Amino acid sequence: MPLTLPLTLHRPDLIRSANFIAGQWHPGPGARLPVTDPATGTVITEVPDSGAPEARAALEAAHAAFPAWRQVPAKQRAAIIKRWNDLVLAHQDDLGALISLEQGKPLAEGKGEVAYAASYIEWFGEQATRMNGEVIPAPVPGRRMFALKEPVGVVAAITPWNFPAAMIARKIAPALAAGCTVVCKPAEDTPLTSLALVLLAHEAGVPPGVLNIVTASREKTPEVVDVWLDDARVRKITFTGSTPVGKHLARRSADTLKKLSLELGGNAPFIVFEDADVDAAVDGFMAAKFRNGGQTCVCPNRVFVHTRVHAEFAQKLTARVAALKVGPASDPASQIGPMINARAVEKIERHVQDAVAKGAKVLTGGKRLADLGATYYAPTVLENADATMACACEETFGPVAPLTRFDNEQEVIAAANDTPFGLAAYFYSQDVRRIWRVAEALETGIVGINEGALAAEAAPFGGVKESGYGREGSTHGLEDYLHTKYVCQGGLG
């Protein structure tokens, strides 16, 4: 179908409308899935609405390619991955525009995400040559004992819509570095960025069958993923998304004992203590909360502010939030774009209405921006939030900041931990003793201390409790794609 885009691409061929299996682009079944611009609802293009046959073909290709790929010397794998990184950076403008087009985030954020994605590709390209094993001191003469690192095998990667470049890079780059092959199912809302990255990986020299991607609608996704869950040749599932889906994947993986990396839901607390630098806390909160319009798994969902500094923090935050420019990615001035779809706006609206009905006060925002379109919601600050409100119990996944007062450290730690989730937490304090007490007491996999921007390719990213297990990024991220094999050689005396 012809493309009419509000953002110009230097390489329009980066927009792919087919599956990539065994090194070839395949149109898939007759059924097609429209990909829309969330700002306008305009159809950008259509991709295959794949099912079990396409999932099986991708798996066959990955399984067939695994023996040769695992034998490619680590230095050569690293060179291919680094070429992929170079191509991603060379096409940063186009990829950023593509992210903004299908996901809705402002263009500057889209380009920033490309750089973030590339940082993981570069990191794991470097790590490919550092998968060192161990020589273990033998307990008796004439014996040598070794621990070898080996790739787990075929990896199934299931990625979310909110960071369509970063999430696929954070999963696929370590898999390729480890010597694994991959089958991938990108989010139904944002498949185009993932397909473009796979195209660039192919151009970088990733051999046919090593990296395969199939697209599918929400309705057909279970059919695709079930093929991979049921087949013992898939040895690892890596997934970012909701906790209910993560639990389903864990249950279904048990029959074949697949390795799992699950980065699931969050309910991040943001705590401002009475000794905090309030201006720094406001800056940190803006960076943590409003990136991608609040549609991130680590953005603060509950904001606890000490009574002594509450008025100052609320006043300064409200002024900053009210000044945010909301608009489509095609407007260079936009700081907040549309939400991903109508369901997202409905959830945000439900949370705000529930909070107000239970006593919260809207300090700014609190409404749809219908003049911009059906998927826009005003950045919002709520006062007098409490634990009875839906916004305290569920991820809002939108630009809403509910403020709750607290009076002492023990009270706020208990409140922060009173959730089944444990992905990220943030707090601001200048008391070094409190910093260590609170950092150790918070039940999360990630803690930001006087810092709102946490993610980095060299840092381990992941949660505890019902926010999942396994880590992405860092050396720990590579380990999640490796097995340890113990080798013992005797008769050497």
Side-chain angles (χ1 to χ4, degrees), residues 1-18 20 25 35-40 42-45 47 80-125 159-173 186-187 189-206 211 213 287 290-293 295-296 325-338 340 453 455-457:
M1 61 182 296
L3 302 176
T4 304
L5 306 178
L7 297 168
T8 302
L9 301 185
H10 297 96
R11 268 193 67 177
D13 67 309
L14 286 176
I15 296 183
R16 313 302 292 189
S17 55
F20 189 73
W25 295 98
V35 183
T36 61
D37 176 354
T40 63
T42 302
V43 175
I44 304 166
T45 188
V47 297
I80 292 171
I81 296 169
K82 290 177 181 179
R83 284 198 297 272
W84 184 26
N85 170 69
D86 292 342
L87 286 171
V88 169
L89 290 176
H91 294 86
Q92 183 175 5
D93 287 349
D94 275 359
L95 292 171
L98 189 52
I99 292 169
S100 296
L101 183 63
E102 67 172 343
Q103 199 276 330
K105 65 182 61 175
L107 189 57
E109 280 196 39
K111 293 179 182 179
E113 183 186 336
V114 176
Y116 179 51
S119 72
Y120 282 98
I121 298 173
E122 180 183 39
W123 168 266
F124 285 111
T159 60
W161 54 262
N162 56 340
F163 286 90
M167 295 301 97
I168 197 169
R170 204 157 76 181
K171 296 178 186 303
I172 290 177
D189 292 301
T190 56
L192 302 182
T193 304
S194 301
L195 291 166
L197 286 174
V198 168
L199 170 63
L200 295 178
H202 175 64
E203 292 179 359
V206 174
L211 177 53
I213 186 168
F290 292 102
R291 184 167 58 119
N292 198 23
Q295 299 175 114
T296 82
K325 167 70 174 176
V326 182
S330 54
D331 181 352
S334 295
Q335 296 170 290
I336 302 284
I340 187 64
E457 70 278 7

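Quick caveat: nothing in here was measured; it's all calculated off a predicted structure. Note that these values count all heavy atoms, side chains included, but never hydrogens, waters or copies made by symmetry.
- Evaluation of the side-chain hydrogen bond (donor to acceptor under 3.5 Å, both in side chains) rule for S119 yields E457 as partners, not counting sequence neighbours.
- Listed by chain and residue number, nothing satisfies the salt bridge (charged side-chain N to carboxylate O under 4.0 Å, His left out) test with D94 (two or more places apart in sequence, or in another chain).
- Note: L98 CG to L195 CG = 9.0 Å, rounded to the nearest 0.5 Å.
- Partners of Y116 under the ring-ring contact (aromatic ring centres under 6.0 Å, His included) rule, at least two apart in sequence or in another chain, are Y120.
- Among residues two or more places apart in sequence or in another chain, the ring-ring contact (aromatic ring centres under 6.0 Å, His included) test is passed with H202 by F20.
- Taking CG of L9 as the reference point, atom CD1 of I15 lies at 5.0 Å (rounded to 0.5 Å).
- Between the side chain of S334 and the backbone N or O of P328, at least one donor-acceptor pair lies under 3.5 Å.
- Considering only heavy atoms from C-beta on, L89 stays 4.5 Å or farther from E122 through its side chain.
- When side chains are defined from C-beta on, P164 does not count as touching T159, because their heavy atoms never get closer than 4.5 Å.
- Looking at heavy atoms from C-beta onward, I168 lies out of side-chain contact with P186 at the 4.5 angstrom threshold.
- Each salt bridge (Lys or Arg N to Asp or Glu O under 4.0 Å) pair with one or both residues in residues 101-117, not counting sequence neighbours, appears once here: D93-K111, K105-E113.
- In this structure the side chain of L200 reaches within 4.5 angstrom of the side chain of R11, judged on heavy atoms.
- Rounding to the nearest 0.5 Å places CG of L192 at 6.5 Å from OG1 of T45.
- By the 4.5 Å heavy-atom criterion applied to side chains, T296 and F163 are counted as neighbours.
- Panel note: side chain Q295, backbone I340; a donor-acceptor pair is recorded below 3.5 Å.
- Separating the CG atom in N162 from the OG1 atom in T190 is a distance of 8.0 Å, to the nearest 0.5 Å.
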Would L197 and L95 count as a side-chain contact (heavy atoms from CB on, under 4.5 Å) if you check the C-alpha gap in whole Å, the side-chain angles of each, and the deciding distance to 0.1 Å?
CA-CA 8 Å; L197 286 174; L95 292 171; 4.1 Å; yes

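- With sequence neighbours excluded, no residue satisfies ring-ring contact (aromatic ring centres under 6.0 Å, His included) with W84.
- Residue Q103 holds its CD atom at 9.0 Å from CG of D189, rounded to the nearest 0.5 Å.
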